[in-house]
*Asks:* 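Structure incoming, see below.
Every chain is numbered from 1, with letters handed out A, B, ... down the list of sequences.
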2 protein chains.
Amino acid sequence: MGAVKGSSPKTSKGTLGKDQFGEYLKHILRLEHVSSPVSTSALSESMKVAPSTVTDMLKRLAGKKLINYVPYHGITLTPEGEKLAVKAIRRHRIVERFLTDMLGFEWHEAHEEALLFENDISDEVERRLYSALNRPKVCPHGYPIPTKVEDVLVEEVTLYSLEPGEQAEVMSVKDDDPEMLRFMASLGIKPGVKVKVEVKDPFKGPMQTMVGKQKRTVGWHLANAVFVKKLR
Amino acid sequence: MGAVKGSSPKTSKGTLGKDQFGEYLKHILRLEHVSSPVSTSALSESMKVAPSTVTDMLKRLAGKKLINYVPYHGITLTPEGEKLAVKAIRRHRIVERFLTDMLGFEWHEAHEEALLFENDISDEVERRLYSALNRPKVCPHGYPIPTKVEDVLVEEVTLYSLEPGEQAEVMSVKDDDPEMLRFMASLGIKPGVKVKVEVKDPFKGPMQTMVGKQKRTVGWHLANAVFVKKLR
DNA sequence: CTTGAAATTTTGACTAACCCAAATTATAAT
DNA sequence: ATTATAATTTGGGTTAGTCAAAATTTCAAG
């Protein structure tokens with residue numbers, strides 16, 4: 001019953017597969033933005049897998065020419081790898097947007113729901129999804145939907161960096177903690193909202209702020225998960 | 001980095017997993033409709049895998065109590081298995097509908113695109129998809145979107161069974177051959193369309209028919225892939 | 001009631017993606 | 001030069017899927 005099964009296509013040239021490659025690439029791209037080359041331990045922590053697992057994966061990624069891997073000296077993305085990473089991030093954000101805009105999910109659910117099937121849709125579905133959504137510029141958490149590396153990066157001015165009296169617009173928020181997102185939503189913090197710092201306690205203490213027209217107290221952790229653009 | 005990885009949730013009680021279980025269950029349900037219990041060879045042919053592969057799978061399916069498996073004597077679905085099979089079919093048809101209605105895919109593409117990610121979406125996404133689609137009754141090929149076994153079955157009166165002079169409405173068409181679907185579309189054959197047989201050649205010869213207002217010649221194979229409801 | 005073909009299962013492997021702990025080895029900083 | 005830390009290797013493990021070939025069972029025909 002031979003048939004057409006045998007050799008699987010897999011992650012062939014410019015395609016995202018069912019594997020974890022996309023996930024790894026996403027993390028590498030983000031980490032590289034912080035410090036390049038990326039260390040095994042950084043990836044291990046970020047991916048929440050053992051260092052030995054990472055080393056394994058690096059060898060496979062290197063085999064596919066997606067990363068430059070110098071044992072003991074960290075890795076960088078190859079142009080190919082970078083392209084795929086951007087593609088994976090783009091897809092994730094489009095799917096998130098689909099989940100919130102077309103299916104009515106809350107933003108704290110979108111991230112994890114997207115992870116479930118984003119790696120299995122075809123490029124064509126992604127394209128059509130994007131069109132059907134009206135070619136949005138950002139994901140529900142305010143991050144850009146990129147076409148190239150430069151688009152991925154975001155101004156990382158945190159709410160916490162503001163001083164009393166300063167005003168700003170929320171641009172994006174950390175998207176990986178559903179509980180925090182839920183809480184942020186309850187405070188009215190989301191992309192597009194205007195904030196103004198009134199009081200800032202020392203020693204990483206909480207801030208008294210205006211979120212829109214509401215008085216809100218915001219702790220250090222949360223204030224560091226909110227990215228803003230200063231106004232005036 | 002122990003974390004929460006270890007034991008995977010997998011196909012736990014009433015849930016469809018990433019595995020092939022859903023696919024097998026779908027096929028078993030269909031085959032059981034034809035003749036029950038279902039034989040290994042029938043499944044092997046239908047799934048396009050070797051008989052030994054099927055036997056393996058049957059043991060796993062039986063382990064999960066989804067089928068009643070008597071070695072050498074075929075299988076039947078357990079109530080559980082039947083429920084899951086219906087669920088898998090329902091999901092497939094909802095996703096197909098999503099692809100055609102919301103993303104504009106052609107019906108011949110929908111089937112295969114759906115297969116790519118239908119097993120990875122959560123129940124919640126399925127539910128919301130269904131609502132967003134306005135709770136449709138059938139898939140793009142005219143098959144019902146079921147909630148229970150009885151809904152899955154379809155009247156199997158083929159276009160070929162009609163005699164000259166008889167009129168009918170197309171209810172559904174075989175959904176598993178993209179090329180045939182494409183050709184059907186080119187002839188204007190799709191669910192809802194009215195057909196009338198004018199001439200029927202003997203020896204499995206072609207039929208002269210009216211499809212809507214168009215004169216069409218339809219061969220035996222195609223005429224047997226079109227299911228109709230007689231009119232008047 | 002035997003026999004043999006057909007159907008089915010078992011056996012023994014294989015691939016591919018993951019993943020980990022423990023032992024070993026390399027690097028870099030003192 | 002020493003040593004702590006980081007990284008890799010070694011040696012396992014799992015799950016999911018697949019197959020060909022050998023062995024077994026069934027069933028129907030004689």
Side-chain angles (χ1 to χ4, degrees), chain A residues 1-12 15-25 27-28 31 35 37-64 66-76 115-116 119-120, chain B residues 1-12 15-25 27-28 31 35 37-64 66-76 115-116 119-120:
Chain A
M1 263 284 75
V4 212
K5 292 278 169 177
S7 51
S8 37
K10 289 293 121 67
T11 311
S12 60
T15 302
L16 261 357
K18 270 185 179 299
D19 44 48
Q20 286 298 97
F21 284 6
E23 265 336 279
Y24 273 85
L25 292 176
H27 284 248
I28 294 168
L31 292 170
S35 95
V38 176
S39 69
T40 300
S41 46
L43 242 186
S44 158
E45 198 172 318
S46 158
M47 289 289 299
K48 296 183 195 309
V49 294
S52 55
T53 303
V54 172
T55 304
D56 258 23
M57 213 51 121
L58 294 184
K59 282 188 277 194
R60 288 204 268 143
L61 253 4
K64 293 251 191 289
L66 299 176
I67 59 173
N68 303 301
Y69 174 38
V70 185
Y72 294 105
H73 294 279
I75 62 192
T76 56
L115 250 18
L116 293 179
N119 290 309
D120 302 295
Chain B
M1 260 283 81
V4 210
K5 291 277 169 174
S7 52
S8 36
K10 288 293 119 69
T11 311
S12 60
T15 301
L16 259 358
K18 270 185 178 298
D19 43 49
Q20 285 298 96
F21 284 7
E23 255 352 87
Y24 274 86
L25 293 175
H27 284 248
I28 294 168
L31 292 170
S35 94
V38 175
S39 70
T40 301
S41 46
L43 243 187
S44 158
E45 197 171 320
S46 157
M47 290 289 299
K48 296 184 196 308
V49 295
S52 54
T53 304
V54 172
T55 304
D56 260 22
M57 213 50 120
L58 294 183
K59 282 187 277 193
R60 289 204 265 143
L61 253 5
K64 293 250 191 290
L66 299 176
I67 60 173
N68 302 302
Y69 175 38
V70 184
Y72 294 103
H73 294 279
I75 61 191
T76 57
L115 251 17
L116 293 180
N119 290 309
D120 301 294

*Asks:* Report yes if a side-chain nitrogen or oxygen of A/T53 is closer than 4.0 Å to either non-bridging phosphate oxygen (OP1 or OP2) of C/dC20; otherwise report no.
*Replies:* yes
*Asks:* What is the separation between atom CD on B/E23 and atom C1' on D/dG17, rounded to the nearest whole Å?
*Replies:*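 Going from B/E23 (CD) to D/dG17 (C1'), I get 14 Å.
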*Asks:* Which of these nucleotides, D/dA20, C/dC19, C/dT8, is closest to any side-chain atom of B/A50?
*Replies:* D/dA20
*Asks:* From C-beta outward on A/R60, which listed nucleotide comes closest to its side chain: C/dA17, D/dT18, D/dT8?
*Replies:*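 Selected nucleotide: C/dA17.
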*Asks:* For C/dC19, does either OP1 or OP2 sit under 4.0 Å from a side-chain N or O belonging to A/Y24?
*Replies:* yes
*Asks:* Passes side-chain contact (heavy atoms from CB on, under 4.5 Å), B/S46 versus B/L31? Steps please.
*Replies:* CA-CA 9 Å; B/S46 157; B/L31 292 170; 4.0 Å; yes
*Asks:* Does A/N68 have any side chain to side chain donor-acceptor pair (under 3.5 Å) partners at least two apart in sequence or in another chain, and if so, which?
*Replies:*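 Once residues adjacent in sequence are excluded, the partners of A/N68 under the side chain to side chain donor-acceptor pair (under 3.5 Å) criterion are A/T76.
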*Asks:* Does any donor-acceptor pair link the side chain of A/D56 with the base of C/dC18 at a separation under 3.5 Å?
*Replies:* no
*Asks:* Rounding to an integer number of Å, can you tell me how far B/M57 CE sits from D/dC19 C1'?
*Replies:* 13 Å
*Asks:* Measure CZ/B/F21 against P/D/dT15 and give the value in whole Å, please.
*Replies:*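 One finds 11 Å between P of D/dT15 and CZ of B/F21, rounded.
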*Asks:* Just N and O in the side chain of A/T55: are any of them under 4.0 Å from OP1 or OP2 of D/dT8?
*Replies:*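 It does, given that an N or O in the side chain of A/T55 lies less than 4.0 Å from OP1 or OP2 of D/dT8.
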*Asks:* I need the CE-C1' distance between B/M47 and D/dC19, as an integer number of Å.
*Replies:*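 After rounding, the reported distance stands at 15 Å.
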*Asks:* Can you tell me how far C1' of D/dC19 sits from CD of B/Q20, to the nearest Å?
*Replies:* 16 Å
*Asks:* Check the distance between C/dC18's P and A/L61's CG and give it to me in whole angstrom.
*Replies:* 10 Å
*Asks:* Does the side chain of A/V54 come within less than 4.5 Å of A/S44's, by heavy atoms?
*Replies:* yes
*Asks:* Rounded to the Å, how far apart are A/D120 CG and C/dA17 P?
*Replies:* 14 Å
*Asks:* Given D/dC19, D/dT18, D/dT8, which nucleotide is nearest the side-chain atoms of A/Y69?
*Replies:* D/dT8
*Asks:* Among D/dT18, C/dT10, D/dG17, which nucleotide sits nearest the side chain of B/S52?
*Replies:* C/dT10
*Asks:* Please state whether the phosphate of D/dT9, meaning OP1 or OP2, lies under 4.0 angstrom from any side-chain nitrogen or oxygen of A/K59.
*Replies:*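 It does, given that an N or O in the side chain of A/K59 lies less than 4.0 Å from OP1 or OP2 of D/dT9.
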*Asks:* What string of B, S and - do you get for nucleotides 22-28 of chain D 5' to 3' if you count protein non-hydrogen atoms under 4.0 Å?
*Replies:* --BSSS-
*Asks:* Would you check if A/T53 and A/M47 make a side-chain contact, meaning some heavy-atom pair closer than 4.5 Å?
*Replies:*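 No, their side chains stay 4.5 Å or more apart.
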*Asks:* Out of C/dT10, C/dC18, D/dC19, which nucleotide sits closest to the side chain of A/D19?
*Replies:* C/dC18
*Asks:* Indicate whether OP1 or OP2 belonging to C/dA7 is found under 4.0 Å from a side-chain N or O atom of B/S41.
*Replies:*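 It does not, given that no N or O in the side chain of B/S41 lies less than 4.0 Å from OP1 or OP2 of C/dA7.
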*Asks:* Does some side-chain heavy atom of A/R60 sit less than 4.5 Å from a side-chain heavy atom of A/D19?
*Replies:*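 Not in contact.
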*Asks:* Which residues pass the side chain to side chain donor-acceptor pair (under 3.5 Å) test with A/S52, sequence neighbours left out?
*Replies:* none
*Asks:* Please tell me if the side chains of B/I75 and B/Y24 come closer than 4.5 Å, counting only heavy atoms from C-beta onward.
*Replies:*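 Heavy-atom side-chain distance check fails, nothing below 4.5 Å.
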*Asks:* Rounded to the nearest Å, what distance is computed from the CD atom of residue B/E45 to the P atom of nucleotide D/dC19?
*Replies:* 14 Å
*Asks:* With side-chain contact (heavy atoms from CB on, under 4.5 Å) as the criterion, how do A/L58 and A/L43 come out once you've worked through the C-alpha distance, each side chain's angles and the decisive distance to 0.1 Å?
*Replies:* CA-CA 10 Å; A/L58 294 184; A/L43 242 186; 3.8 Å; yes
